[in-house]
**Q** 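Just dropping this structure here.
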Amino acid sequence: MSHIVLDPNRRKCLGRSSIILIKGYQLIYLKTAAAIFVGTVLCLLMAAWLFAVPTTTSLTRPESPLNADGATDGVAAFQGAAFGGLSVHALNSHALPWRLTAAALVLEERRRDPAAELSRRTLNVILARFGFLIETDLVNGVPADGKDGFGAVPFGMTAGFIAPVGGSKLLVSNVGCAACHAGVTYDANGAPRPDRAWLGMPNTSINLEAYVDAIFQAMRNQTSNPSALIETASAIFPEMDWREKTTARWLILPQIVDRLNALKQQDRALPFPNGVPGATNGVAALKHVFGLPLISDGAGDNGIVSIPELGGRVWRSSLLADGAYAPKGRERQYSLQRDKIDQRHLHAMADITTFFTVPSMGVHPDSAKKYRTDARAIFAFLAEEYQPQSFPGAIDVNQARRGFAAYQRICAECHGTYGWSGETPALREFPNWLGTVGTDALRSAAFTPALAAAIEDTTYADTISAEVTGLYTAPPLHGLWASAPYLHNGSVPTIAALLSPDQRHESFLVGGHSLDFERLGLRLERSGNYPRDHVPFSTPVLYDTGNEGQRNGGHNFGTSLESDEKLDLLEFLKLL
């Protein structure tokens, strides 16, 4: 075709048919070029899809020993399994682009304190304020692999690399099981040891409400300068390569900015209260995930629940504070003896717990079930090997024996029957009592018929029987001495105050606390403040029992005991 257009004079000699032929060639050429372009785009899109990594496993999960049994695998899963929380889907709600998040937090710290250095040390100081355990040794877990190339997340977090599109790379993090369910140990004087953690005990200082809000504010303030954010991330994490920098700058940051713009009318990240140190708000979070109405548009949906010790949960016939979740086709509340805690029971309860990753980690309900092998391994560990930390202080055994008699008379009907033939009492039968004891009713009211219906409308319809009970379950008392504050909402700081309602605090500090072994609970002044000589390892928060959902009334069992009988009972409870 080129020789025809080189000589304009030859056009005059061309007949009509020749012109048509030339135009036909031109059309074929254009169509071919268009086809090649479209094909190239499709190939690129297909490559982006084929080589994308939308979900990954966690680098914080330690390797199980070869030929490990289910319980040992359960320890490793408990420490660091991702349960589907490291994914593109979770990144839209719960998971975080870790290095961007860390950079924003550090820059925000430097905005308040220009002397703060651009380092992981500053990052660790920030994270410790929220109750995360930094560089801690796990007393009853699998030894860590010593891997640190993935980004220095605190203990209990999961982290791994995903590729939202082919060729991209992004380190994402999420809150894992151990973030909330591995607590500090305590010495013989009740002083906390955040450098030594106990898997299965509650982290009574973790403050997810403050953590989420700090990230929200830091991102809002720091994303206006993308270059500074990327440079800071690179300074904190020198191992961050060009692919991750490119992904963070041009793929992830624009999405973060769009999301922040959508929330520009809000002064906080979530529309509902997300808890206080040691307490979370899973029911409001689940309603938010499902798009269901919140109490007072969220402001009043303060049905917080104190993070429990997990070992005793193998004795439960239903789960959640109100017993709302029960295995499908099985009785909701029934008494359990040790020999009835068989594999069928453990598997049923473990399968239900995989659903907890929906509100806590942003996992889609259709995906959460895939991780039931890990959940079952965790329950095997809890049933076969786990024990809470033993009380580290001195115990008067004779006094405890007298307290055992008081327990059997006052407490056993709801909290279980113990046998005591060896050194420590052992739970023999747990009644799975469900009822009302006059405690704050907001949490039980927060679980609505609409929420129960929404759960039944997921793939968990064959796994969970969701029901509005309007009541509360009486929990097992494993590790009670280290689980303060008490009641389902953490509104009473000591067992002594639980037994003497006139001593209950109207407000008190919680988070980074030490323990009072005489009163069995938080070490506090009468004012509710910490003793002057105590330096909290995380930032404490004032717990106000005047707030709806945080009332401290009810549960008046044991209040009629004589003073010496109450002391005897406290001595016995130290052994559980």
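In what follows, every heavy atom counts, from backbone to side chain, and hydrogens, waters and symmetry copies are set aside. No experiment lies behind these values; they were computed from the predicted model shown.
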**Q** If you define the side chain from C-beta out and look only at heavy atoms, does anything of Tyr211 sit under 4.5 Å from Ile206?
**A** no
**Q** Using only heavy-atom distances, determine whether the side chains of Tyr460 and Thr354 contain a donor-acceptor pair under 3.5 Å.
**A** yes
**Q** Are the side chains of Pro97 and Leu91 in contact, using a 4.5 Å heavy-atom criterion?
**A** yes
**Q** Any heavy-atom pair between the side chains of Leu270 and Phe216 that's under 4.5 Å?
**A** no
**Q** Are Thr473 and Arg316 linked by a side-chain donor-acceptor pair shorter than 3.5 Å?
**A** yes
**Q** Using only heavy-atom distances, determine whether the side chains of Gln333 and Ser318 contain a donor-acceptor pair under 3.5 Å.
**A** yes
**Q** Could you tell me whether Phe83 and Phe356 have their ring centroids closer than 6.0 angstrom?
**A** no
**Q** Any chance you could measure Leu86, atom CG, to His94, atom NE2, to the nearest 0.5 Å?
**A** 13.0 Å
**Q** A side-chain contact here means heavy atoms from C-beta on lying under 4.5 Å apart; do Asp351 and Phe379 qualify?
**A** no
**Q** Could you tell me which residues satisfy salt bridge (charged side-chain N to carboxylate O under 4.0 Å, His left out) with Arg344, sequence neighbours excluded, listed by chain and number?
**A** none
**Q** Only pairs at least two apart or in different chains count here, so list each side-chain hydrogen bond (donor to acceptor under 3.5 Å, both in side chains) that has a residue in residues 194-208.
**A** Arg193-Asp195, Thr204-His513
**Q** Determine, stepwise, if the pair Arg249 / Glu244 fulfils salt bridge (Lys or Arg N to Asp or Glu O under 4.0 Å).
**A** CA-CA 8 Å; Arg249 174 64 181 89; Glu244 187 171 6; over 6 Å; no
**Q** Looking just at side-chain N and O atoms, do Arg61 and Thr158 make a donor-acceptor pair shorter than 3.5 Å?
**A** no
**Q** Under 6.0 Å from the CD atom of Gln266, do we count more than 12 heavy atoms belonging to anything else shown?
**A** yes
**Q** Is it true that, when you exclude Arg243 itself, more than 12 heavy atoms of the residues, nucleotides or ligands shown sit nearer than 6.0 Å to its CZ?
**A** yes
**Q** Show, in sequence, the C-alpha distance, side-chain angles and deciding distance for Lys369 and Thr459, and conclude whether the side chain to side chain donor-acceptor pair (under 3.5 Å) test is met.
**A** CA-CA 8 Å; Lys369 265 189 183 179; Thr459 56; 4.9 Å; no
**Q** Can you find a heavy atom in the side chain of Phe161 that is under 4.5 Å from one in the side chain of Leu59?
**A** yes
**Q** Hey, could you give me the OG1/NZ distance between Thr247 and Lys245, rounded to the nearest 0.5 Å?
**A** 12.0 Å
**Q** Using 0.5 Å steps for rounding, measure from the CG atom of Leu382 to the NE2 atom of His181.
**A** 10.0 Å
**Q** With a 4.5 Å heavy-atom cut-off, do Arg99 and Ile236 have their side chains touching?
**A** no
**Q** Report the residues that fulfil ring-ring contact (aromatic ring centres under 6.0 Å, His included) with His488, sequence neighbours left out, ordered by chain and then residue number.
**A** Tyr472
**Q** Quick one: are Asp137 and Val139 in side-chain contact, heavy atoms under 4.5 Å?
**A** no
**Q** So does Asp297 have more than 12 non-hydrogen atoms from other groups sitting under 6.0 Å from CG?
**A** no
**Q** Do the side-chain N and O atoms of Glu108 and Gln217 include a donor-acceptor pair separated by under 3.5 angstrom?
**A** no
**Q** Would you give me the side-chain donor-acceptor pairs under 3.5 Å for residues 169-176, sequence neighbours excluded?
**A**
unit_1: Lys169; atom_1: NZ; unit_2: Asp241; atom_2: OD2; d: 2.7
unit_1: Asn174; atom_1: ND2; unit_2: Gly85; atom_2: O; d: 2.8
unit_1: Asn174; atom_1: ND2; unit_2: Met361; atom_2: O; d: 2.9

**Q** With rounding to the nearest 0.5 angstrom, report the CD to CG distance, Gln79 to Asn140.
**A** 8.0 Å
**Q** My understanding is that only residues two or more places apart in sequence, or in another chain, count here; which of them pass salt bridge (charged side-chain N to carboxylate O under 4.0 Å, His left out) with Glu135?
**A** none
**Q** Under 4.5 Å between any side-chain heavy atoms of Val358 and Thr458, yes or no?
**A** no
**Q** How long is the straight-line distance from OH of Tyr325 back to CD of Glu467, given to the nearest 0.5 Å?
**A** 13.0 Å
**Q** Quick one: side chains of residues 305-315, donor-acceptor pairs under 3.5 Å with protein atoms, not counting sequence neighbours, listed by atom name and distance.
**A**
unit_1: Glu309; atom_1: OE1; unit_2: Gly311; atom_2: N; d: 3.1
unit_1: Glu309; atom_1: OE1; unit_2: Gly312; atom_2: N; d: 3.0
unit_1: Glu309; atom_1: OE2; unit_2: Gly311; atom_2: N; d: 3.1
unit_1: Glu309; atom_1: OE2; unit_2: Tyr386; atom_2: OH; d: 2.9
unit_1: Arg313; atom_1: NH1; unit_2: Glu309; atom_2: O; d: 3.4

**Q** Rounded to the nearest 0.5 Å, what's the gap from CG on Leu118 to CG on Leu107? Could you check?
**A** 6.5 Å
**Q** Name the residue from Lys328, Arg332, Arg330 that meets the side-chain hydrogen bond (donor to acceptor under 3.5 Å, both in side chains) definition with Ser465.
**A** Arg332
